Amino acid sequence: MKKIQDLSESDLKDKKVFLRVDFNVPIQLTDNSKQLTETYRIKAYKETIDFLFSAGAKVALVSHVASSFKDIIREIGEILGHQVTFEDDILNPQFNSQLTLFENVRKYEGEQINDSGFAEDLAKNFDVYVNDAFSVSHRKHASVSVITKFLPSYSGFLMAKEVENLDKVINEPAQGKTVILGGAKVATKLPVIKNFLGKAEHILVAGALANTVFKAKGLKIGKSTVEEVEEQIDWNNPKMILPKDIAVSEDKSGETFPEVFPVKDLEENQYILDIGPETIKEFSGIIKNSKTVIFNGPLGLAEIEVFSNGTKTVLDSMIRSGAFTVIGGGDTLALVEKLGLLDKFSYVSTGGGAMLEFLAGNKLPGLGALGYYG
Ligand code: 3PG
């Protein structure tokens, strides 16, 4: 994989650089203005942007986003510490300033169908391609994978850091390694469990993933979030630790405190919304004795204060453990940023789905296109 640091200042001066980033951050509408509720995923690109900027390159920031970059361009500029200009059409770039953020690249049909002709059009106004968007590297999309056929291509600093840290947690000895998985999107987590059954000492399971297991074991889980999955896993494997007690309520709004009891059949109108104190104690004890801990996905409905106890205490146990700690996933990141704890972990991945696919041992198309797999 060719890296950005292989490029010298003379390679970059006045060159037009297509920099694939992932600024797909949540945007909230407040009092008629739009605001970012998570900034980590933008700050994470600063090293690569500063490097290209100082070398005198003209940088096009290209990303997908759920809505539009138009209304948040000033905020992005402030986070990056540079003036950033907004342009609508990456196929006809004007390069009016040194740093330009282009509108959502997924507005073009060719992007998500990985169209080679579209990738060639994307590339035609540029001299160099840099991919720093680890968190979208699991997508076979034109600006992520096939564009590398048309430009000299390099990985950015963030991409290299992501791969290095996630590789490290995969390759550390199994003894003393703990994987903690919660949150929704159960199907994306089962392959991680499969890959780590032989690579970790403990796999701690909570959230919708645990609900799915409870259901598979024949328990009544009321209205708790659950997913139908095809993948078969031996949930009785002793490495797998499921909640022993749960925090339950009929009301998800958080206006009433949940009740705690050992895992049992629930009433039809009840939800499992957090892990209980016995489970927190068990999880924290395992973490305390771990050397490596990987966390993806909250352990309950943690965006609501009264259901966040399990997630917050377990994250705190990770911080205190002295272990090499890696966290990731959109909901986890939003919570940890809100709590001001981002710098307390050894590594915070910008990846959600991409982190899980990498940890599952899958080959990611974005990395493949950069020559990572040889
Ligand atoms: C993410 O939020 O994980 C990335 O931006 C990828 O987004 P996607 O799931 O819409 O491809």
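Computed from heavy atoms alone, side chains included, the values below leave out hydrogens, waters and symmetry copies. What you see is a predicted model, and the numbers here were worked out from it, not measured in a lab. Just follow the structure's listing: the first ligand is 1, and inside any ligand the first atom is 1.
- Not a single heavy atom of K185 lies less than 4.0 angstrom from ligand 1.
- The shortest heavy-atom distance from S135 to ligand 1 is under 4.0 Å.
- Taking every heavy atom of R41 and a limit of under 4.0 angstrom, the matching atoms of ligand 1 come to 1 (C), 2 (O), 4 (C), 5 (O).
- A donor and an acceptor atom, one from each side chain of S308 and E303, are nowhere located under 3.5 Å apart.
- Between H64 and ligand 1, a contact under 3.5 Å exists for at least one N or O pair.
- Remark: ligand 1 atoms within the under-4.0 Å shell around heavy atoms of D22 are 4 (C), 5 (O).
- Put simply, the side chain of E305 never gets that close to the backbone of G254: no donor and acceptor are under 3.5 Å apart.
- Taking 4.0 Å as the cut-off, M355 does not count as a neighbour of ligand 1 on heavy-atom distance.
- Of all heavy-atom pairs between F126 and L122, the closest is CD1-O, 3.3 Å.
- Electrostatic pairing of K161 and E47 counts as a salt bridge here, judged by a charged N lying under 4.0 Å from a carboxylate O.
- Here is the list of ligand 1 atoms found below 4.0 Å of a heavy atom in R106: 8 (P), 10 (O), 11 (O).
- A donor-acceptor contact closer than 3.5 angstrom is absent between the side chains of S155 and N131.
- With salt bridges taken as basic N to acidic carboxylate O contacts below 4.0 Å, none links D132 and K46.
- Remark: ligand 1 atoms within the under-4.0 Å shell around heavy atoms of R139 are 8 (P), 9 (O), 11 (O).
- Within ligand 1, counting atoms from 1 as listed, the ones closer than 4.0 Å to a heavy atom of N24 are 2 (O), 5 (O), 7 (O).
- In this structure, a donor-acceptor pair under 3.5 Å is present between the side chains of T313 and N309.
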